[in-house]
Amino acid sequence: MGPNNVFHLFRNANYLKLFLAEFTSQLGNVIGIMAITFYLLDKFSQQPYYTTMKDMMHAAPALVVFLFIGVFADRFDRQKIAVHCDLIRAFLTVCLMICIWYDSLAFIFLAIFLRSAVGKFFPPAQSAIIQGVLSKEEYPLAAGLNSMLGSVFLLFGSGIGAVVYWNLGVQGAFLLDFICLLISAMLIYSCKIELSVRKPNGSTDWKGLHTIKALFTDFIEGVKYIVYDRVLLLLTLGSAILGVVNGGIGIIPIFIMKYKLSPHFYEEMSVIETIVFGIGILLGSALSPNVTKRIKLYMVLTFSLIFSGIFVILAGLSPTIVLFLIFHFFFSVAVAFINISFYGWIPQMVNPNMMGRFRGILDPVSSLFQSLSLAFIAWTFPSMLRIEMLFGVVGGAMLLLGMLYLFTIPSFVQTKEEKYEVPS
């Protein structure tokens with residue numbers, strides 16, 4: 001079996017444990033999110049804005065801890081960061097269960113905020129570890145597996161969370177979340193990872209980062225690293241645009257069904273839309289290994305952005321629900337290729353010593369623009385923009401990003417490869 005085979009990837013014991021840890025962590029997270037959503041809707045049915053506040057408590061920490069997450073992943077033991085993130089979140093889950101027991105809304109939101117804040121430290125450390133335990137040829141395959149995992153939870157996550165909530169209640173759901181976090185921590189702790197991967201910049205104690213100035217200096221180094229590298233700067237811009245897209249796509253499909261295509265059955269159609277989207281992601285993830293073996297990742301990313309932008313615009317112009325679902329399906333397939341090429345290409349372009357800081361900047365940028373996208377939609381729809389225009393904005397952003405990549409990235413990549421070429 002070749003290096004691009006999934007089974008070959010799972011022969012890497014470290015990656016297998018990291019993948020299983022990701023699976024259990026996502027499973028617990030999905031169950032917990034659905035449980036707290038149902039709890040708030042059932043307990044405070046006359047105050048639906050509490051559910052919106054819950055979503056804000058999940059998103060807001062990215063804008064609060066962005067200064068720290070990447071620096072920590074590059075300066076401290078990445079394996080310990082990942083393990084401690086899971087353990088601290090497990091402890092905060094117990095605190096959340098106590099808050100729910102007493103129906104203390106203020107402390108419930110505080111516990112959700114703290115859980116989310118701690119969780120933001122996990123992705124930069126995890127992605128940096130995966131970069132160190134896999135070869136460059138295996139990055140796209142790993143990204144494809146993560147995309148498939150995400151599509152499975154997209155398809156079945158809500159149903160699993162609902163079943164757990166109906167049978168075990170909110171406390172039972174968070175007990176399962178707690179157990180999943182402990183399993184994830186144990187799996188990551190059991191990995192045998194080389195010191196150079198865990199601490200690529202050597203050992204750093206807390207005294208080295210004891211002031212905000214020291215943290216800010218390290219953070220600025222990460223910003224300079226991105227600004228002076230045109231490829232990474234374009235990837236960061238791409239993260240901002242994809243944040244806009246994620247914010248829009250999370251809400252405008254249900255808007256077009258409620259206000260245009262299926263006003264009386266929009267809830268049922270929303271379920272079907274989610275299933276169609278999940279199947280498209282799953283299909284795109286399954287097809288991606290054969291494509292990424294033959295075509296450069298940045299070209300896959302470029303054309304996937306262009307095609308997805310076109311399909312979003314066509315979906316917004318669809319006169320019937322059937323046509324909308326067809327275009328939405330093709331869009332979801334393209335999204336899978338975007339995710340796999342984008343996150344599969346990043347480890348090939350980023351110095352392992354800077355991966356934590358790069359992801360520590362990339363993810364908050366995406367979260368910021370996702371929040372701005374939602375705010376823009378709330379402000380402009382339906383008073384200023386029609387639903388077709390919102391689809392045009394989202395699709396146009398992807399189309400323009402794809403065209404920018406088409407005319408700039410190939411030459412920038414060639415320049416970067418020539419600059420860092422090692423003479424034989």
Side-chain angles (χ1 to χ4, degrees), residues 1-12 15-16 19 127 130-152 229-232 234-235 237-239 241-242 245 277-312 326-350 352 355 398-422 424:
M1 294 183 182
N4 288 313
N5 187 281
V6 173
F7 296 103
H8 174 88
L9 199 62
F10 282 143
R11 287 177 180 172
N12 184 326
Y15 178 75
L16 177 60
F19 179 81
S127 60
I130 290 176
Q131 182 190 31
V133 301
L134 296 180
S135 66
K136 286 188 175 183
E137 292 74 20
E138 293 171 327
Y139 296 152
L141 188 56
L145 284 171
N146 283 339
S147 180
M148 291 181 70
L149 185 63
S151 65
V152 169
D229 188 312
R230 292 180 177 178
V231 173
L232 300 186
L234 283 173
L235 285 173
L237 173 63
S239 181
I241 299 300
L242 293 178
V245 173
F277 191 81
I279 292 173
I281 294 283
L282 193 61
L283 178 61
S285 302
L287 294 174
S288 65
N290 289 327
V291 175
T292 54
K293 280 192 294 186
R294 294 173 172 82
I295 304 175
K296 291 182 181 296
L297 287 175
Y298 63 82
M299 295 306 296
V300 174
L301 174 60
T302 297
F303 286 107
S304 297
L305 284 166
I306 292 172
F307 286 129
S308 63
I310 293 171
F311 288 131
V312 168
I326 290 172
F327 290 129
H328 197 57
F329 170 78
F330 285 116
F331 164 70
S332 64
V333 174
V335 166
F337 280 97
I338 290 172
N339 290 336
I340 291 163
S341 55
F342 188 80
Y343 290 104
W345 192 40
I346 283 174
Q348 296 182 6
M349 293 290 105
V350 179
M355 176 57 89
M398 301 184 82
L399 190 58
L400 288 174
L401 180 64
M403 296 302 294
L404 174 65
Y405 279 7
L406 180 64
F407 291 109
T408 58
I409 277 190
S411 60
F412 289 165
V413 170
Q414 183 179 358
T415 301
K416 183 170 182 174
E417 288 175 348
E418 291 173 353
K419 181 179 179 180
Y420 294 103
E421 184 177 6
V422 179
S424 58

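In this text the structure is predicted, and so the values were computed from the model without any measurement.
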Exercise. Should the ring pair Phe331 and Phe277 be called parallel, tilted or perpendicular, given that the plane angle runs from 0 to 90° and is split at 30 and 60?
Worked result: tilted

For this session: Classify the angle between the aromatic ring planes of Tyr15 and Phe10 as parallel (below 30°), tilted (30 to 60°) or perpendicular (above 60°).
Result: parallel

Could you pull out the closest heavy-atom pair between [X] and [Y], with the gap in Å?
X	Y	value
Met355	Ser127	CG-OG, 4.3 Å
Gly284	Ile340	O-CD1, 4.4 Å
Ile338	Ser304	CG1-CB, 3.5 Å
Gly280	Ser332	CA-OG, 3.1 Å

Side-chain donor or acceptor of [X] paired with backbone N/O of [Y] under 3.5 Å:
X	Y	value
Tyr405	Leu234	yes
Gln348	Trp345	no
Gln131	Val350	yes
Ser288	Ser285	yes
Asn12	Leu134	no

For this session: Calculate, to the nearest 0.5 Å, the distance between atoms CG and CE belonging to Leu406 and Met299 respectively.
Result: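 These two atoms lie 5.5 Å from each other.
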
For this session: Applying side-chain contact (heavy atoms from CB on, under 4.5 Å), run through Leu287 and Phe337 and close with a yes or a no.
Result: CA-CA 9 Å; Leu287 294 174; Phe337 280 97; 4.0 Å; yes

